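I have placed the structure first, in the form of structure tokens, so that the comments after it can refer back to it.
What you see is a predicted model, and the numbers here were worked out from it, not measured in a lab.
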Amino acid sequence: TKLDVTSVNWKRSRPSIVLVIREGCHFCEESFPFYRVLAKEMQRSPTVGMVIVAPGPIASTRQYLKEHDLADFQIILSSPLVTIHVSGTPTLLLVDSTGTIRRSWLGKLNSAQEQQVIRAIS
């Protein structure tokens, strides 16, 4: 599936991780420790980009991320989940340079799934 998000230049980084979250989602809350680890891993690999997508207002999402020590993201988008082909939160999408979803992970990940994500960006 190709993501139709015209405001993102997918070619800038290969691959990209799209993190879809929603305020009030308890699985999102439980997943923030892993997202902090993921963000640190991605800082080591500047060729990997991260996009945050949430259904709420961008300012609210930015504050939500800040409250969970994930405030350093440049690209935060507001979009209905259905527009990006996501049915639930949290969702992680691995997107290639054409905007095509190559892998996806839904919900709170177990340790094996977390390692899959880390390997996918390495």
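- Going from atom CD of Q63 over to atom CD of E23 covers 8.5 Å, rounded to the nearest 0.5 Å.
- For the ring pair (Phe, Tyr, Trp, His ring centres under 6.0 Å) condition, no pair includes a residue of residues 90-118, sequence neighbours left out.
- The line from OG of S111 to CD1 of I118 is 12.0 Å long, rounded to the nearest 0.5 Å.
- Here the closest non-hydrogen pair linking Y35 and I21 is CE1-CG2, 4.5 Å.
- Counting only heavy atoms from C-beta outward, the side chains of I52 and L19 approach each other to under 4.5 Å.
- Looking only at side-chain heavy atoms (C-beta outward), L77 and V18 stay at 4.5 Å or farther from each other.
- Between R36 atom CZ and D69 atom CG the span is 5.5 Å, to the nearest 0.5 Å.
- Hydrophobic clustering, with ILVMFWY side chains joined whenever heavy atoms are under 4.5 angstrom apart, keeps V37 apart from L109.
- L94 and L106 are members of different hydrophobic clusters when ILVMFWY side chains are connected at heavy-atom separations under 4.5 Å.
- Taking the side chain as every heavy atom from C-beta outward, S78 and P57 never approach each other to under 4.5 Å.
- Side-chain atoms of T100 do not come within 3.5 Å of backbone N or O of D96 as any donor-acceptor pair.
- Taking CD from E29 and CZ from R22, the interatomic distance works out to 10.5 Å, rounded to the nearest 0.5 Å.
- For the pair Q115 (side chain) and A112 (backbone), a donor-acceptor distance under 3.5 Å is absent.
- The side-chain heavy atoms of R102 and P15, taken from C-beta on, include no pair separated by under 4.5 Å.
- Nearest heavy atoms, G49 versus M42: O-CE, 3.1 Å.
- A 4.5 Å side-chain heavy-atom check between L92 and F34 finds at least one atom pair inside the cut-off.
- Smallest separation of non-hydrogen atoms from T98 and K2: O-CE, 2.6 Å.
- Nearest heavy-atom pair across S31 and G107 is OG-O, 4.4 Å.
- Listed by first and then second residue, the ring pair (Phe, Tyr, Trp, His ring centres under 6.0 Å) pairs involving residues 39-71 are F32-Y64, F32-H68, Y64-H68 (not counting sequence neighbours).
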Exercise for the section: Test L38 against I121 for side chain to side chain contact (heavy atoms under 4.5 Å, CB included), laying out the working first. Expected result: CA-CA 9 Å; L38 181 61; I121 66 166; 3.7 Å; yes

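- Two residues are said to be in side-chain contact when any heavy atoms from C-beta on lie closer than 4.5 Å; I75 and M50 fail this criterion.
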Practice task
For L93 and V86, run side chain to side chain contact (heavy atoms under 4.5 Å, CB included): C-alpha distance rounded to whole Å, both residues' side-chain angles, the deciding distance at 0.1 Å, then the answer.
Solution key: CA-CA 9 Å; L93 305 172; V86 170; 4.1 Å; yes

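- I58 and L65 fall within the same hydrophobic cluster, where Ile, Leu, Val, Met, Phe, Trp and Tyr residues are linked whenever their side-chain heavy atoms come under 4.5 Å apart, directly or through other members.
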